[in-house]
Amino acid sequence: MASLEPLPPTYDPKAVEPEIRRCWSDGGYFHADPSTPSPQAPTYVIVIPPPNVTGALHGGHALNNTLQDILIRWHRMRGFNTLWMPGTDHAGIATQAVVEKTIFEKEKKTRHDLGREELVRRIWEWKEKYGNRIIEQLKLMGCSCDWERTRFTLDETCARAVRATFFRMFRDGLIVRGKRLVNWDTALQTAVADDEVYHEKVKGHLWHIRYPLAGPGFGVQGSAPRAAGFSPRGADTSLNAGEEDPSRDASPGRDREGAVEYLIVATTRPETMLGDTAVAVHPDDERWKGLIGRKVVLPLTGREIPIIADPILVNREFGTGCVKVTPAHDPNDYQCGLRHGLPMINILTPDGRINENGGAYAGMDRYAARRKIVADLEAAGLLDKVEDHESDVGHSDRSKTPIEPYLSDQWFVRMGDLDPAEAGRIEGLRGRSGLAQLAIDAVCTREHASAEERKACGKVHFFPQRYANTYRDWLAEKRDWCISRQLWWGHRIPIWSKHCDNIESWRDSERNLIGDGAQGVLSERRDNSSPAERLVVRFVADNDPTSSFVKDPPPSGGFTAYVCPLLEDGDQQTDEWSNAAFKRCGLTQDPDVLDTWFSSALWPHSTMGWPDDTAELRKYYPGSVLSTAREIITLWVARMVLTGLYNTGQAPFHDVYIHAVIQDAQGRPFKKSLNNGFDPVDIIEMYGADALRFTMASLATETQDIRMPMKKVRLEGGRELQTSERFELGRNFCNKIWNAARFAFITLEDSTGGRPGSDGSNTGGTPVRQGPIEDRWILSRVSRAAVEVQDALARFAFSRAAGLARDFFWDSLCDWYLELVKSRVREHRQADQARAVLAFALDQALRLLHPFVPFITERLWSQLNAIAPRRGLPGLAELDTDSPPDNRGHDKAAPCRPLVIARFPPIEGWPKLNDPAAERVFEDLQTATRAIREVRSSRGVPPRQAVNVVVKVPAERVESLRQEAHVIRRLANVGELTIDPRAERRPNAATLAVGDMQIFVLDVIDSAAERKRLEAELANLDGQIAALGGKLANEAFVARAPAQVVATEREKLAAVQSRREVVVRALAEL
RNA sequence: GGGCGUUUAGCUCAGUUGGUUAGAGCGUACGGAUCACACCCGUAAGGUCACAGGUUCGAGUCCUGUAACGCCCACCA
């Protein structure tokens, strides 16, 4: 690094960032080693929420990864063995859809044209080509992940953990097979997740259909022909159903004698009636009470279906109070069907046509069938009426076509409570009743006052704490987790199955499978584990309607055998290898893949090499913090806790930090479709990575939303992009840091007595404690800033931490201290000590700021090392820069450690530098300075023109104030400054009363303006006196408020009153 | 429908167990090409803390209710 070239006056991130990135990368500073720096060093670990491999960096990533990097860099500098584990997620459907789309656009081929193997190959190809984009973007941001460890949820390390977990869960009876309604995309012929379904209002109709009652003795005679539904006589019998009948609504479906002839049900999807298996009414509904248990004839099919009572499904007030029940095609009906043990008739083919269960309508597209059915019902006189109806219809986000609820076989993880005996046998449940309970009990929902208490509690803590409830409430439902997806991109479900007509045919396969002969599939394994430890077989009897797994094959009748092997020593060919082996036994692998969240759930331990007992797992698991968005508390966080406990016995992290969601000015979340977000790479291009990061940190308050007004700008090249003025906050601050450092470098180099530190006594021989007040003050501020910033970070109060660091740097260091150093250096007044203090303060500031703005601070650090290599304060604050880096340092050749691994200011600050008295006095000086400036400004005194000032202070402070007078003189541009305990106001002087001082600014008088100013001040003081006096006159206050508070109020009143006297006198003399 | 959050200066937000006449950044106004920085420096103006009750000696802060906005979850025959 060419450190000593003069720095340009404006910080140029583009000139600095690539060089710094290379320096960090070459030095390997982000790499974590389980045994370095020392076995005793505490560990700090964050696993990155793996971004979607198809993804590009967006605002949410910029925020979340900035915050994680701040935590990581902070702890690395504190000497922790620090690991930030990076990686990407294969993101099942999202990735497959993207690749399918590009293939279709280029080659007009669907995945069915390509076939499974070829499509998966193409997706891998695509992933290798484009899958690192987001990683590269994270590097641009300066994220200090251990890139050597970068994982992918579909790589072999993760795949082994997936297979091992599935095997264990299957063995423990926690993975089961079942029917389930999925959101079926008939265009893509795949199930899509709930969150991939969007709802759209669609104008449709509500068809009211008559279901005639079945059985003898009901309604009019001749119900049998009507029951067939097709009979024209069906129409004849509905005598009173015409629109002209005013009594119809009051007693629909009754004949002239009031006997019930038919029930009317309403539906938006008439074709689903082909799969109806009941009509439900409310049990307390007087209209239909007597019919419960009878049957109706399903029109068009002639099937008889029961009338059942269901208070959950039926809303008495809605429509006729009768509901058709189609368990295979509606989620509510499905639940109802389960409650009543109803048959479930699937009427659809995967591509959305009516299947063989649809009788005459089989083979028709569902919408064609709908039209035909409506026409047939009308012809049969069974269509009561048709209403316009607007309803929310679920659409697939991928194909934009309407979703069909579709009943299919799926795999589930059981979340609920198990039979106690069963639960007790499962080691992974650690004595809990079930997986959901295991995860619920791991999280603390109580408030803890301190970090120590939290640690003692031993559970996972959420920040902000309220999100613990979101987590717990969702888990408390204990709904089974559907883990199968009808996709090709993902972890294939490690289950091979075979249907057997009888037990003998199974015995053959079994011999092949686990026989001890050479032909036994699993004998190819290297280890000596017994078959039971590496192979689990479960059976489902053909005649079991619940499809429950049993351990032994049914002695009679057909059944399906499900085989789950533990394939943990495989390689990338595992699927091919095992498929071939099992094929020889007549077994075929389940075509589905696992839910993406199944592998994400294992991320904190799979990335560390579990199920092997690796050094990484021992050192870096469990992690310290998980930082993520609230929308995946349930999908991801809960499942990580659950699998972490189940597999390892330990929750995967101690704290969960939930960051806010960035929204636009209208409060809408950033969405691609709205194009209301920003591209962090654009922001880095325009303002620099540090500006992006500092702004992000400043925004990270505890609220759940962050609003970010965006605006469009057009670059010189004509490209249009979205940005926000708020990033100027970060850019301006970086420029300030840059220039303050430039000034410091000039000052430090300009030393006639050699650079500070060159002789080892870098305070110029002057004990800092006796120097000018600004030295003691800024050093005390350095110490306090170190404490306060770290205190805020420890509470995940990023905005506060950034604000404190900024205030310290800009307000204290730049606006006050540097301004005072200027005159000292120029006047050679204790200049060496000023340089020493300046070098120390800048050193500490760069360290403190590094986690927020790493690039600029690292660059300036190298310059500071060259100019002032030794900058500790002997006896007061020793620094690691004062001695050469130890042998464990990463970069032995460098004269100084790079900032990225330099020591952070101590968490307890620098106790020997704390000087509250100096801070108090300096505050008074600041107040006096500001007061004089105000007078100058309001009188229009030109900045260059000095004013003369007389200050009256109590006699005991005269000496000390005379020593400190340079602060006021310099910063308020005061010429003659007289300090006199007996000073009197002079004519033409403006009068100020601050603290215990009276300040007279001479020869600036403008009677009218002065009167106005004094009167305003008087009004202000009177207001305060009224408030304080009223409070103290209140007997209840004096009696009940703490004595301390009362005493403070009395002191305040006295001080304000004495200031008032000064003002009154000045007014009188005017 | 269930849960959660927000409402403080023109804008975006702080305000730490209740205790000065409520703060910051941006924006605005005035002054400043002073040898670190105009992406800067100095100064100022700007607030019935959404509304209505209550608790308290004392409420931006705690409680109840109302309103508006927003997020998550569930559901809509």
Side-chain angles (χ1 to χ4, degrees), chain A residues 7 9-11 194 199 206 265-269 272 280 313-315 318-320 322-326 330-333 391-392 449 464 466-467 469-470 473-474 477 630-631 633-634 661 663 665-669 687 691 698-699 701-709 724-726 728-729 731-747 791-792 795 797 799-800 803 806-807 814-815 818-819 822 826 930 933-938 940-944 971-973 1020-1021 1023-1024 1026-1028 1031 1034-1042 1044-1046 1048-1049 1052 1056:
Chain A
L7 303 176
T10 300
Y11 174 54
D194 288 345
H199 291 267
L206 197 55
V265 297
T267 180
T268 54
R269 293 182 297 154
T272 61
L313 181 69
V314 181
N315 171 6
F318 191 94
T320 57
C322 304
V323 184
K324 63 192 277 299
V325 185
T326 322
D330 181 277
N332 291 313
D333 293 7
S391 57
D392 274 347
R466 61 178 180 271
Y467 290 116
N469 296 329
T470 307
D473 292 349
W474 183 80
E477 291 180 31
R630 65 175 177 275
E631 62 184 12
I633 290 172
T634 54
V661 173
Q663 303 172 338
Q666 284 80 48
R668 299 174 303 184
Y687 300 106
S698 302
L699 293 175
T701 60
E702 272 202 25
T703 54
Q704 63 178 19
D705 305 313
I706 296 171
R707 287 208 196 164
M708 188 117 180
S724 170
E725 280 179 5
R726 306 192 65 182
E728 290 174 12
L729 166 82
R731 181 200 57 182
N732 294 353
F733 183 46
C734 288
N735 202 50
K736 190 69 183 178
I737 297 170
W738 186 256
N739 276 289
R742 279 180 68 218
F743 169 77
F745 297 150
I746 293 166
T747 306
D791 184 57
R795 292 182 289 120
S799 173
R800 189 171 170 74
R806 179 188 184 281
D807 287 349
C814 294
D815 289 348
L818 290 188
E819 291 305 320
K822 282 179 185 174
R826 196 179 311 141
R930 290 191 183 107
R933 284 170 173 174
E934 183 191 338
V935 168
R936 298 179 55 110
S937 182
S938 65
V941 179
R944 286 174 195 265
L971 296 179
N973 194 10
N1020 178 355
L1021 293 169
Q1024 291 188 49
L1028 289 164
K1031 200 183 260 190
N1034 183 345
E1035 281 175 33
F1037 171 72
V1038 178
R1040 299 211 192 184
Q1044 181 64 53
V1045 172
V1046 176
T1048 311
E1049 298 296 294
K1052 271 187 239 160
V1056 174

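None of the values given here were measured: they were computed from a predicted structure. Chain letters run A, B, ... following the sequence lines, proteins first, then strands; residues in each count from 1.
A/P1042 comes within 4.0 angstrom of a nucleotide base, judged by non-hydrogen atoms across all strands. Within 4.0 Å (heavy atoms only), A/R800 reaches at least one base atom of the nucleic acid.
We find that NZ of A/K1031 is positioned 10 Å from P of B/G19, with the value rounded to whole Å. When rounded to the nearest whole Å, the span between CH2 of A/W474 and P of B/C71 equals 22 Å. A/R795 places its CZ atom 14 Å from the P atom of B/A14, with the value rounded to the nearest Å. Rounded to whole Å, atom P of B/C13 lies 14 Å from atom CD of A/E725. Atom-to-atom, CZ of A/F1037 to P of B/G18 comes out at 16 Å; the value is rounded to the nearest Å. As rounded to whole Å, 11 Å separates atom C1' of B/G31 from atom CZ of A/R936. Atom CG of A/D807 and atom C1' of B/A14 are 11 Å apart (whole Å).
Of the candidate nucleotides B/C11, B/C71, B/G25, B/C11 has the atom lying nearest to any side-chain atom of A/P709. The side chain of A/L729 sits closest to B/G25 out of B/C26, B/G25, B/G19.
In RNA chain B, runs of at least 3 stacked Watson-Crick or G-U pairs (N1-N3 plus N6-O4 or O6-N4, or N1-O2 plus O6-N3, all under 3.5 Å) give these stems: B:1-7 with B:67-73, B:10-13 with B:23-26, B:28-32 with B:40-44, B:50-54 with B:62-66.
Residue A/T701 has no polar side-chain atom (N or O) positioned under 4.0 Å from OP1 or OP2 of B/C13.
To the nearest 0.5 angstrom, A/K324 atom NZ is 2.5 Å from A/T272 atom OG1. A distance of 11.5 Å separates OG1 of A/T634 from CG of A/D473, quoted to the nearest 0.5 Å. To the nearest 0.5 Å, the span separating CG on A/L699 from CD1 on A/I706 amounts to 5.0 Å.
With sequence neighbours excluded, the residues that form a salt bridge (Lys or Arg N to Asp or Glu O under 4.0 Å) with A/E477 are A/R479. Every residue meeting the side chain to side chain donor-acceptor pair (under 3.5 Å) condition with A/Q663, not counting sequence neighbours, appears here in chain and number order: A/D705. For A/E1049, the salt bridge (Lys or Arg N to Asp or Glu O under 4.0 Å) partners at least two apart in sequence or on another chain are A/K1031, A/K1052.
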Next item on the list: Give the B/S/- string for nucleotides 33-46 of chain B, one per nucleotide from 5' to 3', where a protein heavy atom under 4.0 Å of the base yields B, of only the sugar-phosphate yields S, and otherwise -.
Entry: -S-BB-BSSBSS--
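Evaluation of the side chain to side chain donor-acceptor pair (under 3.5 Å) test over residues 733-743 of chain A, restricted to residues two or more places apart or in two chains, returns A/N739-A/R742.
B/C39 and B/U61 have their C1' atoms separated by 37 Å, with the value rounded to a whole Å.
Along RNA chain B, the nucleotide nearest to A/M708 and the one nearest to A/Y467 differ in position, and the one closer to the 5' end is contacted by A/Y467. Residue order along RNA chain B, read from the 5' end via each residue's closest nucleotide, puts A/D473 first among A/D473 and A/Q663.
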